[in-house]
Number of protein chains: 2
Amino acid sequence: MSAERAERLARQFKAIADPNRLRLVSLISASAGNEACVCDLTEPLGLGQPTVSHHLKVLVDAGILHREKRGVWAYFSIVPGALDSLAGVLTEAR
Amino acid sequence: MSAERAERLARQFKAIADPNRLRLVSLISASAGNEACVCDLTEPLGLGQPTVSHHLKVLVDAGILHREKRGVWAYFSIVPGALDSLAGVLTEAR
DNA sequence: GACGGATATCGATGGTTGTCAATACTCAGC
DNA sequence: GCTGAGTATTGACAACCATCGATATCCGTC
């Protein structure tokens with residue numbers, strides 16, 4: 001594996017290598033319509049709004065979540081195939 | 001997802017969320033016999049021996065690598081199923 | 001245009017982590 | 001037991017990160 005590819009993959013794995021971000025992804029995938037807004041996510045995590053917003057930004061920057069602003073609300077959904085490609089890396093290197 | 005499970009999974013993802021550790025896993029899985037010793041791994045990564053030993057310890061502690069001492073050499077191999085269970089978490093939450 | 005609610009950004013802080021140099025440990029051979 | 005080679009551990013330092021409070025931005029409503 002090249003150093004460049006390892007660097008790129010590590011950035012994506014780093015994005016989900018946090019307990020709160022794992023729970024965010026899990027919450028969003030279990031939500032109705034496979035999307036959720038920030039206000040739905042702060043309470044179950046027990047974190048403040050700025051912190052949740054920060055974690056969501058990390059996941060968006062890593063290409064794992066998609067952000068769509070509808071009016072005042074920001075809806076987050078999982079980018080199709082993003083997690084599957086990461087899973088593929090793990091199953092290939094076994 | 002419970003906070004405890006998220007914490008436990010995050011520890012494993014953190015272990016592979018590093019470019020050098022990703023390369024270590026890749027190098028080991030591509031080695032003859034699916035195992036390698038520290039001396040085989042320092043040169044391709046361009047890191048010092050203590051640093052490589054540290055990364056390998058992180059992977060062993062996370063349950064991803066298995067360490068077997070044979071004489072003076074320490075051989076590392078991938079724990080069967082460890083990466084697959086992590087990959088399963090990603091494919092289920094899509 | 002002013003207000004209020006939802007979200008994003010900024011600054012600061014305590015904790016974690018990757019890396020290296022130096023050193024200690026372990027085992028095989030003499 | 002001594003030596004040398006392979007590996008592990010320790011201590012230190014710089015860089016990064018998760019969290020929070022305060023504040024700014026954005027948008028619908030009145």
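Because the structure is predicted, anything quoted here is derived from the model rather than measured. Note on naming: letters A, B, ... go to the chains in the order of the sequence lines (proteins, then strands), and numbering restarts at 1 for each one.
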Undergrad: Does A/Q49 make a side-chain donor-acceptor contact with the base of C/dA6, cut-off 3.5 Å?
TA: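 Check fails, no donor-acceptor contact within cut-off.
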Undergrad: On DNA chain C, nearest-nucleotide positions of A/H54 versus A/K14: which is more 5'?
TA: A/H54
Undergrad: Would you classify A/F76 as touching base, sugar-phosphate or nothing, given that sugar-phosphate means primed atoms plus P, OP1 and OP2, and contacts are heavy atoms under 4.0 Å?
TA: sugar-phosphate
Undergrad: Can you name the nearest heavy-atom pair linking A/A82 to A/G63, along with the distance?
TA: CB-O, 3.5 Å
Undergrad: The side chain of A/S53 lies closest to which of these nucleotides: C/dT7, C/dC20, D/dA8?
TA: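 In terms of side-chain proximity for A/S53, the closest of C/dT7, C/dC20, D/dA8 is C/dT7.
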Undergrad: Among D/dG6, C/dT9, D/dT9, which is the nearest nucleotide to the side chain of B/K57?
TA: D/dT9
Undergrad: Considering all heavy atoms of both residues, which atom of A/L22 and which atom of A/I16 are nearest to each other, and what is their separation?
TA: CG-O, 3.2 Å
Undergrad: With a non-hydrogen cut-off below 4.0 angstrom, is A/V72 in contact with a base, only sugar-phosphate, or nothing?
TA: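 The residue A/V72 makes base contact.
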Undergrad: Take the protein atom CG of A/L59 and the nucleotide atom P of C/dT7, then report the distance between them rounded to whole Å.
TA: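 Rounded to the whole Å, the gap is 16 Å.
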Undergrad: Rounded to whole angstrom units, what separation is found between the CG atom of B/D18 and the P atom of D/dA15?
TA: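 Nearest whole value for this atom pair: 17 Å.
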Undergrad: Report the distance from atom CG of A/N20 to atom C1' of D/dC17, rounded to the nearest whole Å.
TA: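 Between C1' of D/dC17 and CG of A/N20: 13 Å.
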Undergrad: Choose from D/dA18, D/dG21, D/dT7 the nucleotide whose nearest atom is closest to any side-chain atom of A/P50.
TA: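 That would be D/dG21.
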Undergrad: Using a heavy-atom cut-off of under 4.0 Å over every strand shown, decide if A/R21 touches base, sugar-phosphate, or nothing.
TA: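 Result for A/R21 = sugar-phosphate.
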